[in-house]
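To start, the structure under review is shown below, and the notes come after it.
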Amino acid sequence: MTADLATGPLAGVRVVELAGIGPGPFAAMMLADLGADVIRVDRVTEVDTTAFGTAHPDLLNRGRRSVAVDLKSADGREVVLALVRHANALIEGFRPGVTERLGVGPADCHAVNPALVYGRMTGWGQDGPNAPYAGHDIDYLALTGALHGIGRAGEPPVPPMNLLGDFGGGGMMLALGVVSALYAVRGGATGQVVDAAIVDGVAVLSTQIHALHQLGMWRNPRGVNLLDGGAPFYDTYECADGRYLAVGALEPRFYDELVRLTGFPLPPDEPIDRTDPANWPALRAAWARLFRTRTRDEWATLLTASDACAAPVLDWREAPEHPHLAARETFLLRDGVVQPAPAPRFSATPAAIRRPPPWPGEHTDEILGEAGFDRDRISRLRADGTIG
């Protein structure tokens with residue numbers, strides 16, 4: 001399949017990605033969507049040549065090429081360093097010290113390319129008491145306080161999938177760090193290491209909540225505050241068909257619009273002062289009774305084209321078909337798969353999905369040829385299992 005021409009603000013940037021899962025691939029996807037030429041270094045044991053030429057199902061790997069290398073061999077280390085020599089950045093998501101033991105750590109890579117930006121993605125960070133140990137998204141959220149704040153009052157904390165930790169506090173922060181360091185290099189700075197830790201990223205994302213605590217506007221228990229489902233005018237409600245409507249009418253004028261359009265409250269309920277949290281349970285019950293009188297889509301038809309700040313809660317299949325998202329092409333069809341389109345948008349250097357997700361090793365010969373390996377050398381490396 002022919003790749004699209006390089007576009008996007010990062011066109012001309014080359015990134016080497018040491019294959020991993022979760023936040024590292026997400027950061028690499030973001031960079032590829034923005035135009036970077038991302039080369040993913042996969043394991044030789046995962047090569048399946050019969051699949052070449054078709055799109056791999058893992059959308060996080062879209063937009064790049066793949067080379068399969070045995071990182072534990074001396075020749076494999078040489079291959080990676082050859083790729084690094086001509087790269088602007090490298091991304092890895094191993095535990096601290098692993099790439100150093102493989103001979104492709106920051107010092108090894110900077111020895112062949114002093115201008116390289118070396119991006120490291122971990123949950124705990126490169127140092128600290130927890131750094132040597134395994135963890136997952138839910139653990140990192142737990143330590144930062146973020147998990148404590150998500151859930152209903154009086155009920156256990158609710159994991160927000162892995163969107164907040166892995167992708168928001170992790171992969172997105174790594175992508176921002178790599179781009180920032182690349183900008184510094186172009187300004188004359190030397191290459192450097194970007195230590196992106198999910199615990200750090202999630203902590204930064206929670207800055208406003210800490211500020212509200214300081215201002216006396218946020219209470220420690222979950223589910224009792226303005227933005228965590230405590231307020232009845234910032235919550236979800238079940239409708240007549242069992243589906244849900246999201247309501248976010250925070251400001252008085254938006255709440256007044258919601259009241260006007262819905263005819264709130266139903267008799268015999270009475271209007272209740274929403275500014276007093278003591279009234280919130282009764283107010284929530286009154287809104288719940290009203291919203292159960294119509295289906296989700298009936299409410300959406302009534303409220304969406306207004307300042308009432310209400311929207312239908314769509315499932316994964318419905319979302320791409322919503323008129324607003326369809327008009328903006330927030331989702332697109334590529335290689336037979338509906339998927340989120342690149343974001344954000346650029347007026348002069350548009351981002352794009354340049355390639356479908358590759359299969360491990362699908363572009364090995366092509367990539368090594370660009371790195372200066374001749375056909376005989378590539379054949380020998382393949383014969384001894386260094387590449388796949």
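Side-chain polar atoms of T99 and R120 form a donor-acceptor pair below 3.5 angstrom. Counting only N and O atoms by type, the side chains of S66 and W359 include no donor and acceptor under 3.5 Å apart. Counting only N and O atoms by type, the side chains of S73 and D75 include no donor and acceptor under 3.5 Å apart. Remark: the T386 side chain and the D384 side chain contain an N/O donor-acceptor pair separated by less than 3.5 Å. The closest side-chain donor-acceptor pair between R274 and N279, if any, does not fall under 3.5 angstrom.
Between L258 and F233, every side-chain heavy-atom pair lies at or beyond the 4.5 Å cut-off.
In this view, R64 and E17 satisfy the salt bridge (charged side-chain N to carboxylate O under 4.0 Å, His left out) rule, not counting sequence neighbours.
Under the 4.5 angstrom side-chain criterion for Ile, Leu, Val, Met, Phe, Trp and Tyr, the cluster partners of L60 are F26, M29, M30, M161, L163, F167, M172, W316.
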Apply side chain to side chain contact (heavy atoms under 4.5 Å, CB included) to residues V79 and L381 and explain how you reach the verdict. CA-CA 9 Å; V79 168; L381 290 172; 4.0 Å; yes
Applying ring pair (Phe, Tyr, Trp, His ring centres under 6.0 Å) to W287 and Y237, what does each step give before you reach the verdict? CA-CA 8 Å; W287 277 112; Y237 288 92; 7.1 Å; no
Derivation of the side chain to side chain donor-acceptor pair (under 3.5 Å) call for T295 and D297: CA-CA 6 Å; T295 67; D297 291 346; 5.9 Å; no
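A salt bridge does not link R355 with E362: none of the charged nitrogens is closer than 4.0 Å to a carboxylate oxygen.
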